[in-house]
Amino acid sequence: MSGVVTVNTNPYEGQKPGTSGLRKKVKVFLQENYTENFVQSILDANKDAIVGSTLVVGGDGRYLVKEVVDKIIKISAGNGVAKLMVGQNGILSTPAVSHLIRKYKTIGGIILTASHNPGGINNDFGIKFNCANGGPAPDGTTNRIYDISTTIKQYKIVPDIACDITKVGVQKFKVEDREFVVEIIDPVQDYVDYMKEIFDFPKIKSLLQGSDQRPPFKILIDSMNGVTGPYVRRVFITELGASEGSVTRTTPLEDFGGAHPDPNLTYAADLVNAVKNGDYDFGAAFDGDGDRNMIIGRDAFFVTPSDSLAVLANHLHHIPYFRGGVRGLARSMPTAAAVDRVAQAMGLEMFQVPTGWKYFGNLMDAGRLSLCGEESFGTGSDHVREKDGLWAALAWLSVLAVAGKSVRELLEQHWRQFGRNYFTRYDYEECPSDPCNEMMSELERRMTSPGFVGSTHKSGDKTYTVEVADNFSYMDPVDRSVAMKQGLRIVFTDGSRVVYRLSGTGSSGATVRLYIDSYEAKDVLGDAQVMLKPLVDLALELAQLRKYTGRDAPTVIT
Ligand code: G1P
Ligand code: ZN
């Protein structure tokens, strides 16, 4: 029998969850009691439900996941949790956690990830709490966790529980007069079973293998040394019969092999080059924790996430899961408005929420939202309450299997039907914080001064007139909670738009994001960077971005 020990501690500053959980450098989490404080704060924020409860625990395989899983096991035991479901070796993708919470009706889960941020001892770690609906905790809960962390004095732990997380199976411990159970689960099985319900696997399999009418469809799936590796192997190799050469970087590594596990044109350049120089019809990459995706076609034809959302929305009925009907569609505010046109054509409700997946959850729970996405390589549906990278790749293959077209042909057909929202995003990563904050407040002051709305601005051969200028705020239509100051937005009379935000997921300094979106009804085959140049120049000028960030060029252009 093991006993509960109450340990005295002092609060740390800054344990405030950002866009998606608490993310800091590994060294911050290694400070004495730093991790323990935050885990105890999570449990305390749920204190009415915690005794006798079940929680799901797992992470993306990065450095420190196993050690923190061990701490969570011991602290959960100390707080009266009845059962933990833990991914073997601490491995669980973010969408898989969301699914497990829902399937086994647990009160929530703790995900150990810093998503697409680099891993290893000198890089990032993160802890995120998801609620009983499987989704990231809403602002009310994360604020409560933070408040508790600022006054925490003690945590409760059972130090001598020795749990072996390498073996699948149930381990039982006696904690004082209670039983505490840890079930180590196969991280992949439940998730893959679910994907087989959602999609028509035989149809995707015959696309990949080819038929009398169609040559084999050649794919390259890149897990970027992140958590999706084992999921990708089971789905594509075991279930869909793809060859070893169809998958790459499928072993989760603590430092992601030194890669920045973010599936975009810059950090997934290996995939882009492999598809460009090889004989592939389709490429997909996923981030460290498996919720983001990038889709490319033959010759590395790039599908912007905003377009990906719109194309999937237009073809959802090809996926068995949606045969019962499609509810509403949604996107985050900075995401280009391509999907809005599909919603209109289909007569569906359309929502525009702030950045961050947590804002989609209420709409899904209320049965008003089926498919949603963010420009930041996030696509997903109400099958779980997280975005889901592997799901997005399977959704694309399902649509391609029916359409009988290449990725490029499908996009071009879409643009001819709906017109095209050209989109680009500029990221200025890890800039000095003070000048960036000053830039944002100065810009907001100007934008909201009298006379800004209605003012005209010349750039290149274009003239833009401001129609709307605001700091985006959102009222959740379900619980009527309000999220303020979600990004500076300037909309021009021709419908084009520039948006400025500071990232809420960085672990040091300030990351400025600039989003540019402009609609063309007819001229749909242009190059986005060329088409958007006047608007980009204007956006840089309006905010005096070069001056405040001290940067001539962004770190990443999407
Ligand atoms: C970024 C993305 C946002 C996404 C989040 C978590 O947040 O912009 O769309 O939901 O990562 O993946 P940001 O750093 O911009 O706050
Ligand atoms: Zn992620």
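One-based numbering, in listed order, for ligands and for the atoms of each. Positions are given from 1 along the sequence. For the numbers below, each heavy atom of this structure counts, side chains included, while hydrogens, waters and symmetry mates do not.
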Nearest neighbour of atom 3 (C) of ligand 1 from the list Thr355, Thr94, Thr113, on a heavy-atom basis | Thr355

Any idea which atoms of ligand 1 are less than 4.0 Å away from a heavy-atom of Arg513?
-> 8 (O), 13 (P), 14 (O), 15 (O)

Shortest heavy-atom approach to atom 13 (P) of ligand 1 - which of Gly487, Pro136, Gly504 | Gly504

Any heavy atom of Ser332 sitting closer than 4.0 Å to ligand 1?
-> no

Does the pair Asp289/Lys387 count as a salt bridge with the N-to-O cut at 4.0 Å?
-> no

Which word best sums up how the rings of Tyr426 and Tyr428 line up, parallel for under 30°, tilted for 30 to 60°, or perpendicular for over 60°?
-> tilted

Given the options Arg489, Arg497, Lys485, Asp470 meets salt bridge (charged side-chain N to carboxylate O under 4.0 Å, His left out) only with Arg489

Proximity winner for atom 12 (O) of ligand 1, if only heavy atoms of Lys387, Met333, Glu374 are counted = Lys387

Before accepting this row, confirm whether a basic side-chain N of the pair Arg425/Glu375 lies closer than 4.0 Å to the acidic partner's carboxylate O.
-> yes

Distance-only side-chain donor-acceptor flag, Tyr519 / Arg420, under 3.5 Å = no

Report the relative orientation of the aromatic rings in His260 and Tyr267; use parallel for angles under 30°, tilted for 30 to 60°, perpendicular for over 60°.
-> parallel

Between the candidates Lys358, Glu429, Arg292, which shows the shortest non-hydrogen contact distance to atom 1 (C) of ligand 1?
-> Arg292

Nearest heavy-atom approach of Ala539 to Val498 is CB-CG1, 3.8 Å

What do you reckon, are the aromatic ring centroids of Phe418 and His414 less than 6.0 Å apart?
-> yes

Measure the acute angle between the ring planes of Tyr515 and Phe423, then classify it against the limits of 30° and 60° as parallel, tilted or perpendicular.
-> tilted

With ring centroids as reference points, do Tyr191 and Tyr231 lie under 6.0 angstrom apart?
-> yes

Atoms in ligand 1 with a heavy atom of Arg501 nearer than 4.0 Å = 8 (O), 13 (P), 15 (O), 16 (O)

Under 4.0 Å to a heavy atom of Gly356 - the qualifying atoms of ligand 1, by number = 10 (O)

Got an N/O contact under 3.5 Å between Ser376 and ligand 1?
-> yes

Identify, by atom number and element, the atoms of ligand 1 in contact range of Arg425, meaning under 4.0 Å from any of its heavy atoms.
-> 8 (O)

What protein atoms of element N, O or S are positioned under 2.8 Å from the Zn ion (ligand 2)?
-> Ser115 OG, Asp287 OD2, Asp289 OD1, Asp291 OD1

May I ask you to check whether Tyr515 has an N/O atom sitting below 3.5 Å from an N/O atom of ligand 1?
-> no

